[in-house]
Number of protein chains: 2
Amino acid sequence: MINFNYQNKTKIIFGKGQHKGIGALIKPYSNKILLHYGGGSIKKSGIYDEVIASLKAENIEIIELAGVKPNPRLTLVREGIELCRKNDINFILAVGGGSVIDSSKAISMGVSYPSDVWQLFETGKKPVSALNIGTILTIPAAGSESSGNSVITNEEKQLKIGYGSELLKPVFSVINPEICLTLPHNQMANGVSDMMSHIMERYFTNTLHTDVIDGLCESVLRTIMKNGRTLNKNLGNYDAWAEICLGGNIAHNGLLGVGRDQDWACHAMEHELSAIYDIPHGAGLAILTPFWMRYVCHDNMNMFLQFAVNVMGVEGGFRDQEEIVMEGINRLEAFYKELSLPTTLVEVKIDKTNLEIMAKKAAGNREIGGLKILKWQDVLNIYQLAL
Amino acid sequence: MINFNYQNKTKIIFGKGQHKGIGALIKPYSNKILLHYGGGSIKKSGIYDEVIASLKAENIEIIELAGVKPNPRLTLVREGIELCRKNDINFILAVGGGSVIDSSKAISMGVSYPSDVWQLFETGKKPVSALNIGTILTIPAAGSESSGNSVITNEEKQLKIGYGSELLKPVFSVINPEICLTLPHNQMANGVSDMMSHIMERYFTNTLHTDVIDGLCESVLRTIMKNGRTLNKNLGNYDAWAEICLGGNIAHNGLLGVGRDQDWACHAMEHELSAIYDIPHGAGLAILTPFWMRYVCHDNMNMFLQFAVNVMGVEGGFRDQEEIVMEGINRLEAFYKELSLPTTLVEVKIDKTNLEIMAKKAAGNREIGGLKILKWQDVLNIYQLAL
């Protein structure tokens with residue numbers, strides 16, 4: 001185990017009906033907020049009306065900014081920053097999934113930043129300050145509801161860059177699994193893939209003596225897969241959604257990464273896919289992760305053996321470690337297929353045209369990965385294997 | 001899963017050498033602190049000198065209060081309150097195990113309370129406010145370093161009462177497993193028992209659909225037992241201590257109890273033992289827990305079956321569920337014996353003299369437990385079985 005500091009201040013308010021108390025939750029922080037959301041889904045489901053009613057009951061003034069899309073755009077972030085400045089807003093309520101929350105975070109640190117907010121993403125500089133954020137999560141996937149991370153796409157530059165700061169952690173997040181009961185199947189599947197990746201990016205490490213966190217990672221992975229399978233058959237199962245929502249939150253609140261080097265190569269490689277092709281993040285991860293595993297596993301067979309046995313349940317009947325490891329990876333890929341996720345690039349209409357460009361964007365000026373360090377040529381190899 | 005709110009603000013600073021930076025950690029909060037600790041062990045080990053040096057380097061004024069004993073006493077708490085008032089202190093640094101931290105918490109909420117602090121314990125009333133606390137943990141066991149709980153013994157009344165408030169959570173806790181390398185075997189064993197109990201008190205529940213947290217509880221229990229066995233043979237193993245320190249922290253930071261009814265009968269029953277007989281808390285829990293399990297298991301065989309299989313590793317070869325459950329409980333008891341913990345009351349020189357008095361103190365005016373509600377007659381039965 002390596003030395004670490006860990007803190008997560010975000011208050012989680014979890015369960016049935018909890019979003020209806022949003023007004024009282026915000027009141028101690030603000031009387032005037034930016035309400036940030038995506039499209040019509042929260043209006044169709046009635047959540048929008050319930051949120052507005054609760055805010056109005058507490059006399060909270062509302063400025064709205066809708067229109068967040070998956071892989072949230074810089075243009076809308078800039079618009080949000082101007083709205084907050086013009087209206088002297090000090091609190092943002094994000095109602096949505098990871099894209100809406102990430103967009104809110106970018107707005108929150110842009111308001112007091114004297115230059116364009118994209119500078120912060122490009123340079124990694126610390127923001128001066130950030131507005132408080134509260135969230136009502138509508139799609140469990142990104143874990144953004146209790147992380148300090150934001151990933152924004154600059155449409156002009158076809159760049160997708162992630163940014164992290166303790167300042168960006170929401171003060172509270174409301175997670176009501178009832179809200180998920182109307183999600184379409186592909187959002188469930190993409191979400192399951194994304195949250196599993198958040199765990200695996202932390203789990204695969206060369207750090208030794210990491211028993212506690214290894215065990216937690218393995219356990220949450222198994223639980224997510226079990227309940228993902230339940231939802232695969234019946235999207236209307238509240239109990240399974242509750243496990244997925246809680247699992248997805250723990251997957252990315254930082255706890256599962258303490259005391260160990262982390263990897264994050266798959267996320268870096270995937271960001272380049274969705275920056276150019278605009279495919280769902282979870283789909284891109286489902287494609288790349290098994291190919292990444294086959295490419296890097298020989299650098300730490302013990303770790304992949306542990307994964308095969310403890311997560312994928314591979315038992316006796318195999319000739320050697322190699323076979324056990326490959327069986328574990330194959331079972332992960334089979335699980336993605338079971339959830340109707342793509343497992344090759346051609347399935348999402350990505351051909352070889354931009355592979356080299358994307359590989360250089362991912363790892364041209366830097367090395368990525370932790371368990372195995374990848375150069376851009378490695379990334380290109382993995383992309384090609386995944387075609 | 002039931003609805004829940006969860007937040008834990010305590011910052012964990014974990015690893016080798018971390019306590020040497022204590023001055024810089026405290027500086028943002030205070031220039032004048034109460035340094036609260038137990039006896040000579042931190043002086044013998046050199047930690048005391050390192051802490052003083054770091055505080056002095058930051059020009060932090062130090063008022064000392066030593067003398068905390070296991071099962072911390074109200075008399076010393078009152079003394080600490082007077083010291084803080086007289087010296088206008090706004091921060092307490094607790095250097096020690098659960099007793100020192102619990103004592104600090106009681107002091108922290110007593111300073112601004114206009115009457116005697118014991119009233120807060122007896123009535124459960126909310127404190128007006130509490131001083132900030134930081135801790136340097138020297139014994140992993142109680143989990144007090146990131147909980148809001150304090151258990152204080154009123155020596156005159158032979159009463160041991162627990163109290164909980166969000167206000168009592170430390171602002172930070174330094175956990176350096178190196179400090180544990182010189183702990184005696186019995187403190188390791190008592191600590192392991194205590195932290196396992198913190199998990200089991202949360203784990204055993206009648207709440208259904210609790211996959212994520214069940215899995216986390218089972219995983220941390222297995223890890224603590226594995227590393228407890230390592231330390232049982234070699235107390236000088238840093239890596240095993242690191243797992244025990246991290247496991248003991250997660251065991252009691254609240255996460256493992258979210259979304260479920262909890263039990264806590266064993267803790268309530270044990271408090272009465274150590275209030276009168278002053279035995280180590282972990283030893284009392286090792287005695288009572290298996291007998292509690294045998295007494296209550298038929299009220300929820302599924303839960304105890306899950307425990308036997310997933311935690312204690314009971315596999316095939318048994319006639320029925322009953323046998324599997326009993327084997328699981330027997331293995332837990334055998335584990336305590338392996339760690340040289342007592343598993344009957346006579347081993348710690350408790351005879352039948354005070355059993356009825358203790359049973360009535362534990363559950364005379366109230367019912368205790370969650371998985372099975374216990375009246376004082378039930379508690380008496382369990383004490384008698386444990387003789």
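Chain identifiers are assigned alphabetically (A, B, ...) following the order of the sequence lines, protein sequences preceding nucleic acid strands; residue numbering begins at 1 within each chain. In this text, all values refer to a predicted model and were calculated from it rather than measured experimentally.
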Contacts satisfying side chain to side chain donor-acceptor pair (under 3.5 Å) that involve residues 233-243 of chain A (not counting sequence neighbours) are A:Asp239-B:His209
d(A:Ile2 CD1, B:Phe14 CZ) to nearest 0.5 Å is 11.5 Å
Name, in order of residue number, those residues of residues 250-260 of chain B that have a heavy atom at a distance of less than 4.5 Å from a heavy atom in chain A; otherwise write 'none'. B:Ile250, B:Leu255, B:Val258
Among B:Asp214, B:Asn5, B:Ile175, single out the residue with the greatest number of heavy-atom pairs under 4.5 Å to chain A. B:Asn5
Highest number of heavy-atom pairs under 4.5 Å with chain B among A:Gly15, A:Ala240, A:Pro177 belongs to A:Gly15
Given heavy-atom pairs under 4.5 angstrom as the criterion, report whether the side chain, backbone, both or neither of B:Asn176 touches chain A. neither
Relative to chain B, which segment of A:Asn8 carries a heavy atom at a distance below 4.5 Å: side chain, backbone, both, or neither? backbone
Residue among B:Gly247, B:Ser146, B:Ala242, B:Ser219 with most heavy-atom pairs under 4.5 Å to chain A: B:Ser219
Between B:Ile213, B:Leu216, B:Val212, which is the residue that forms a side chain to side chain contact (heavy atoms under 4.5 Å, CB included) with A:Thr223? B:Val212
In this structure, CE of B:Met1 is separated from NZ of A:Lys16 (nearest 0.5 Å) by 11.0 Å
Here the gap from B:Gln7 atom CD to A:Ser173 atom OG, rounded to the nearest 0.5 Å, amounts to 11.0 Å
Rounded distance [0.5 Å steps], CZ in A:Phe4 versus CD1 in B:Ile12: 7.5 Å
